[in-house]
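Heads up: the structure comes next, in structure tokens.
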Amino acid sequence: MRDFIIKLVKTIIQIMNAPMLILFIVTTKKEVILVDVRRWSKIVELVDTSDWVNLLYLLYKYPEFRNLYYYRIKKGNFLGLVLMHIIKFFYKECPSLFLYCDNIGSGLFIQHGFSTIVNARSIGDNCWINQQVTIGYSSKNNFPTIGNNVIISSGAKVIGNVTINDNVIVGANAVVVKDVPSNCVVVGVPAYIIKRDGVKVKEQLI
């Protein structure tokens, strides 16, 4: 009986959220959306192996994923863009999460979108952004570039014309105003390096 109820609830959820799949059907960004779905599914430990089922569940359960989904649709074809504005009226985004970026690589995971602003030149693949993060301008033309496999922890700020290179962890509440080399962990205000290539250090950013 319990299994039947669970299956019934999942079916109802799928039916209720099915209209959002129209955007997936018409978009030219299917590939990157599927990469996003698979990464989110792995992180939140979804057991279903179907991309379609997991996509529907993520769209239902995580408004942050919905923001990313709409971002992908917006970067696709015109038909998807038009339909997105209709769908968004019924299926709302996370209201305090803002993604302003020319290019966001595949597999971006956003863990809680509360009070988070992402305004970068570009973001690489498989990045992870937590809540209350600010990535943005120091002046009109100065804003960050984020590499691959970067984790930006809660409350961190990355400001100005800086580059966060690959495989970097930005600690909670850190303030980054200078370039960060690859394979580093940075913390503090202003941020400094506490680990480089797996070795503990204490180095100022240059």
Side-chain angles (χ1 to χ4, degrees), residues 29 32-33 35-36 39-40 42-44 58 62-75 92-206:
K29 293 293 182 178
V32 68
I33 290 171
V35 175
D36 292 338
R39 183 154 194 252
W40 280 65
K42 184 177 180 181
I43 291 170
V44 303
L58 290 168
Y62 298 97
E64 300 89 352
F65 181 83
R66 208 175 291 167
N67 286 57
L68 181 60
Y69 182 66
Y70 289 149
Y71 171 89
R72 302 298 189 199
I73 299 299
K74 187 167 61 175
K75 293 294 181 179
K92 305 296 186 183
E93 301 171 282
C94 176
S96 60
L97 171 62
F98 304 94
L99 301 176
Y100 305 121
C101 191
D102 287 340
N103 181 58
I104 295 177
S106 60
L108 174 64
F109 181 72
I110 303 165
Q111 188 176 37
H112 314 304
F114 174 72
S115 191
T116 297
I117 299 173
V118 179
N119 202 331
R121 295 182 191 278
S122 65
I123 295 176
D125 295 330
N126 298 317
C127 290
W128 182 312
I129 296 174
N130 280 79
Q131 69 273 21
Q132 295 182 302
V133 164
T134 298
I135 301 170
Y137 291 87
S138 62
S139 63
K140 184 178 180 181
N141 296 311
N142 290 327
F143 55 115
T145 300
I146 312 296
N148 301 311
N149 307 307
V150 172
I151 297 173
I152 303 179
S153 304
S154 59
K157 295 170 179 58
V158 182
I159 305 296
N161 189 27
V162 299
T163 298
I164 308 295
N165 285 285
D166 297 344
N167 310 310
V168 165
I169 297 175
V170 178
N173 298 313
V175 176
V176 179
V177 291
K178 294 182 179 178
D179 293 350
V180 180
S182 298
N183 309 310
C184 287
V185 179
V186 297
V187 300
V189 182
Y192 60 93
I193 303 170
I194 61 167
K195 189 176 285 188
R196 184 194 287 265
D197 297 318
V199 178
K200 289 184 179 180
V201 297
K202 187 173 183 180
E203 302 174 9
Q204 299 300 316
L205 294 175
I206 301 172

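Residue numbers start at 1 and run along the sequence shown.
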Exercise. What is the minimum heavy-atom distance between G147 and V150, and which atoms define it?
Worked result: O-CG2, 3.7 Å
For this session: Please say whether more than 12 non-hydrogen atoms of neighbouring residues, nucleotides or ligands are located less than 6.0 Å from NZ in K200.
Result: no
Problem set entry | Non-hydrogen atoms of A156 and G171 that approach each other most closely | CB-O, 3.7 Å
Seminar exercise, completed: Taken in chain and number order and not counting sequence neighbours, the residues that satisfy side-chain hydrogen bond (donor to acceptor under 3.5 Å, both in side chains) with D166 are none
Exercise. For the atom pair CD1 (I110) and CG (L97), what is the distance rounded to the nearest 0.5 Å?
Worked result: 5.0 Å
For this session: Work out which heavy atom in V162 is nearest to a heavy atom in K178; give both atom names and the distance.
Result: CG1-N, 3.5 Å
Seminar exercise, completed: Test side chain to side chain contact (heavy atoms under 4.5 Å, CB included), reference L108, set V32, V35, L68, output is L68
Exercise. Looking at CD1 of I169 and CD1 of I151, how far apart are the two atoms once the value is rounded to the nearest 0.5 Å?
Worked result: 4.5 Å
Problem set entry | Side chain proximity check, I193 to P181, heavy atoms < 4.5 angstrom | yes
Exercise. Can you check side-chain contact (heavy atoms from CB on, under 4.5 Å) on F109 and K42, steps first, answer last?
Worked result: CA-CA 11 Å; F109 181 72; K42 184 177 180 181; over 6 Å; no
Seminar exercise, completed: Shortest non-hydrogen pair, S115 vs S96, comes out as N-OG, 3.0 Å
Problem set entry | CG-CG distance between N126 and N149, expressed to the nearest 0.5 angstrom | 5.5 Å
Can you give me every donor-acceptor pair (side chain of residues 129-144, partner residue at least two apart or in another chain, under 3.5 Å) with its distance?
{"from": "N130", "atom 1": "OD1", "to": "W128", "atom 2": "NE1", "distance (Å)": "3.1"}
{"from": "N130", "atom 1": "ND2", "to": "Q111", "atom 2": "OE1", "distance (Å)": "2.9"}
{"from": "S139", "atom 1": "OG", "to": "N142", "atom 2": "ND2", "distance (Å)": "2.8"}

Exercise. Looking only at heavy atoms, what is the nearest atom pair of A120 and I146, with distance?
Worked result: CB-CG1, 4.4 Å
For this session: Would you mind reporting whether Y70 and L99 have side-chain heavy atoms less than 4.5 Å apart?
Result: no
Problem set entry | Distance-minimising heavy-atom pair for K75 and K29 | O-CE, 3.2 Å
For this session: Verify, without hydrogens or angle tests, whether R66 (side chain) and C94 (backbone) share a donor-acceptor contact under 3.5 angstrom.
Result: no
Exercise. Can you list the residues that meet the salt bridge (Lys or Arg N to Asp or Glu O under 4.0 Å) rule with R121, with sequence neighbours excluded?
Worked result: none
Problem set entry | Any V176 side-chain heavy atom under 4.5 Å of I164 side chain | yes
Exercise. Taking C-beta and beyond as the side chain, do P190 and V175 meet within less than 4.5 Å on heavy atoms?
Worked result: no
Exercise. Would a 4.5 Å heavy-atom cut-off, applied to side chains only, mark V170 and V180 as touching?
Worked result: no
Exercise. Okay, side chain of D125, backbone of S106: is any donor-acceptor separation there less than 3.5 Å?
Worked result: yes
Problem set entry | Any Y69 side-chain heavy atom under 4.5 Å of L58 side chain | no
Seminar exercise, completed: Rounded to the nearest 0.5 angstrom, the SG-CD1 distance for C184 and I194 is 10.0 Å
Problem set entry | Separation of Y62 OH from H112 NE2 (nearest 0.5 Å) | 9.5 Å
Exercise. What distance separates Y71 OH from I33 CD1, expressed to the nearest 0.5 Å?
Worked result: 12.0 Å
Problem set entry | Side chain to side chain, Y192 and V187, heavy atoms closer than 4.5 Å | yes
Problem set entry | Donor-acceptor under 3.5 Å (D36 side chain, G107 main chain) | yes
